[in-house]
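To start, the structure itself, in structure tokens.
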Amino acid sequence: SLQKVETFLQRSIGTDVVAAQPEAPTRDESDEKGGCKSLHALQVERQEQAARSVLINCQSRTREKTLLKYLSSHGDIKNYFFYESDDLYAVVEFAKRENVASLLEGAIIPSGSHESAVPFKSRLLTLRNLHTAKSPNQQSGQQCQVQTAFPITELIKNLSREDSIDQQITSLTETYQLTEENTRLRFLVCSLLNDITAAYFPECTIKPFGSSVNGFGKLGCDLDMFLDLDGISGWNPKSGLFLEYQMKQASSARAVTQNILYVIGECVDQFGPGCTRVLKILNARIPLVRFSHKPSGFQCDLTANNRVAMKSTELLYLYGELDPRVRGLVFTVRCWARTQGITSGMPGAWITNFSLTVMVLFFLQKRSPPIIPTLDHLRDLAGPADKCVIEGNDCTFVSDFSKIQLQSNTETLEQLLREFFEFYGTFQFSKMSLSIRKGQEMNKPEMGPLHIENPFETSLNVSKNVNTSQLDRFVALCQESSWLLQQSETNKPKVNEDSYNVLPWGLATLLLPSQVATINTRKKKRREPASARIKSLLESLKNKNEPKMSEGL
Ligand code: GTP
Ligand code: MG
């Protein structure tokens, strides 16, 4: 076994931190053209991987070799990595579930002198007594995977070193997107929570949805989880004698969801290791339990019976996989919106990331020729197995990516970004609503500043919360950014010998604080902010100790 560890370490340590690389993706359920895996297939694979994984608090810099030797006495380690949050943690994936069981058999219940432990055993562990290394070589410690977003000021500097706006967009996307490790951690946290819920509902699963899996997630985004109870189904008797479960009844499906989330919320609060600040928000349109998972640093939202959200996640994922420009533009627009205060981490009258993503998709459908198809077209391509109706809403769309024929639009990301701002800077929001189902603007069915049709519940407006002043700010900032991108001073790399004090240009200038931010209406907008913004950034770059600007999107 020691031999195995040695070989394993030789293979992996020192290589870009991800210790054992995940296996090459299998081709089943992939399409022939791009090898795109359906979200469902991806989820199943990730869930299985997470079920074989443990999360270990290693307390501080630790002897990696000793740790791995200890762990691998319980079975082969397929993959591991370290990261830092409040402490040093390791995510360790074993080859088999039995290995985890074996590891847990040897684990002990903590005995504090002042406190008593709730004896709920989980796969969140603390490694004790692993003394720090003595030899200097071993003391070098672990390389840690970053799990938080990159500071915006650093991003602006890095973008300014790129040679084209296209490269800036690609670079921004690569900087912000979720890493392999962060995705593993997200599935692991779902899996840990699944152990709590499975105590009541052994057949249930906890699935991540939203930006954790739709391809548009940024490091540091929340973890949306969905308690899937649909696996709990009975056997349908044809005729004759049969047994039926006696079950408690509640007045409505919503009441059942609320009751379940109430109890799970209480369990997470009382028993869930690492889960803090638990809030039960049961009267929301979509009832949820919100909590912080301290070891991962994730802000978690747990919902139940929320299948439509899972479908919209699948749809966003599909659009993101169809053409790389989709993700590039969504990441850029989300980042721009967050730095300009169009979106916010708080609930309120702001445009949400979800609405903003739908706006980008709509814009891409409106290109000539369109870059992505309409949702109605995706529904027409669906096969019998894709049929899906949730609470009377048709959520059917094609799952086989290879059936989708794309038109040959050759616009560059730079052109698209420019056109995006132009498009929404002049859009008739007062009369028209946006529909990605039709790929056309429609007459607004109701008043309200911004109307974006919910793709699967078409009578609903996903941006109902947005007020006039927020919409006006969005439009004004689109106009300003469109104008900025047309200025020759903005859209060419600034040649500068001094690579430290690089001048912001292109996309970087759009991420500088705007003059429009303080102006409420379009009419009052001033139109000479570019030089002011560049000047203010230069000031901030000069002063290395200045406080950080707001964090990413
Ligand atoms: P982040 O801001 O990065 O968390 O983006 P997100 O896409 O995860 O958004 P959020 O956490 O607000 O919501 C999670 C998921 O719920 C979204 O991806 C959608 O699938 C769905 N969702 C959110 N808001 C709405 C809405 O207003 N209408 C509908 N139909 N679905 C929504
Ligand atoms: Mg989210």
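Just so it is clear, the values below take in all heavy atoms, side chains as well, and ignore hydrogens, waters and symmetry mates. If you read the sequence from its start, that first residue is 1, and numbering goes on from there. Numbering of ligands and ligand atoms starts at 1, following listing order. Since the model is a prediction, treat every value here as computed from it, not as a measurement.
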Considering only non-hydrogen protein atoms, determine which one is nearest to atom 13 (O) of ligand 1 and report residue, atom name and distance to 0.1 Å.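 Result: Asp224 OD2, 4.1 Å.
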Protein residue, atom and distance nearest to atom 2 (O) of ligand 1, heavy-atom basis: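 Nearest neighbour among protein heavy atoms for atom 2 (O) of ligand 1, to 0.1 Å: Asn353 ND2, 2.9 Å.
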Of all the atoms in ligand 1, which lie at a distance below 4.0 Å from a heavy atom belonging to [X]?
X	answer
Gly210	8 (O), 14 (C), 15 (C), 18 (O)
Asp222	4 (O), 11 (O)
Cys221	3 (O)
Ser312	19 (C), 20 (O)
Asn454	28 (N), 29 (C), 30 (N)
Ser211	1 (P), 3 (O), 4 (O), 5 (O), 6 (P), 7 (O), 8 (O)
Val462	27 (O), 28 (N)

Both conditions, 6.0 Å and 45 degrees, for the charged tip of Arg186 above the ring of Phe298: are they met here?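 Geometry flag: set, cation within 6.0 Å and 45°.
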Measure from NZ or CZ of Lys311 to the centre of the six-membered ring of Phe397 and say whether it is under 6.0 Å with the direction within 45° of the ring axis.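 Geometry flag: set, cation within 6.0 Å and 45°.
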Mind checking whether [X] has a heavy atom under 4.0 Å from ligand 1?
X	value
Ala309	yes
Thr352	no
Arg334	yes
Val308	no

Given 3.5 Å as the limit, does a donor-acceptor pair link the side chain of [X] with the main chain of [Y], or not?
X	Y	result
Thr257	Ala253	yes
Arg327	Gly215	yes
Arg290	Val278	no

Between Asp400 and Ser402: side-chain donor-acceptor atoms closer than 3.5 Å: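 Yes.
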Taking atom types as modelled, find out whether Asn393 and Glu391 have a side-chain donor-acceptor pair closer than 3.5 angstrom.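 The criterion, which ignores hydrogens and geometry beyond distance, is not satisfied for Glu391 and Asn393.
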When the ring planes of [X] and [Y] are compared, do they come out parallel, tilted or perpendicular, using 30° and 60° as the limits?
X	Y	value
Tyr83	Tyr89	parallel
Phe429	Phe474	perpendicular
Phe423	Phe427	tilted

Check: Tyr176 ring centroid to Phe331 ring centroid under 6.0 Å: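 Distance test on ring centres: not under 6.0 Å, no.
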Determine whether any protein heavy atom is located less than 4.0 Å from atom 27 (O) of ligand 1.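 It does; a protein heavy atom is within 4.0 Å.
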Any protein heavy-atom neighbour for atom 9 (O) of ligand 1 (distance below 4.0 angstrom)?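 Within 4.0 Å of atom 9 (O) of ligand 1, no protein heavy atoms are found.
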Answer yes or no for Asp301: is there an N/O/S atom below the 2.8 Å cut-off from the Mg ion (ligand 2)?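 Coordinating: no.
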When you measure from atom 31 (N) of ligand 1 to each heavy atom in Phe209, Phe354, Phe456, Tyr317, which option holds the nearest one?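 When every heavy atom of Phe209, Phe354, Phe456, Tyr317 is considered, Phe354 comes closest to atom 31 (N) of ligand 1.
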With the Mg ion (ligand 2) at the apex, how many degrees lie between OD1 of Asp222 and OD2 of Asp224, rounded to 10 degrees?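 It is 100°, given to the nearest 10°.
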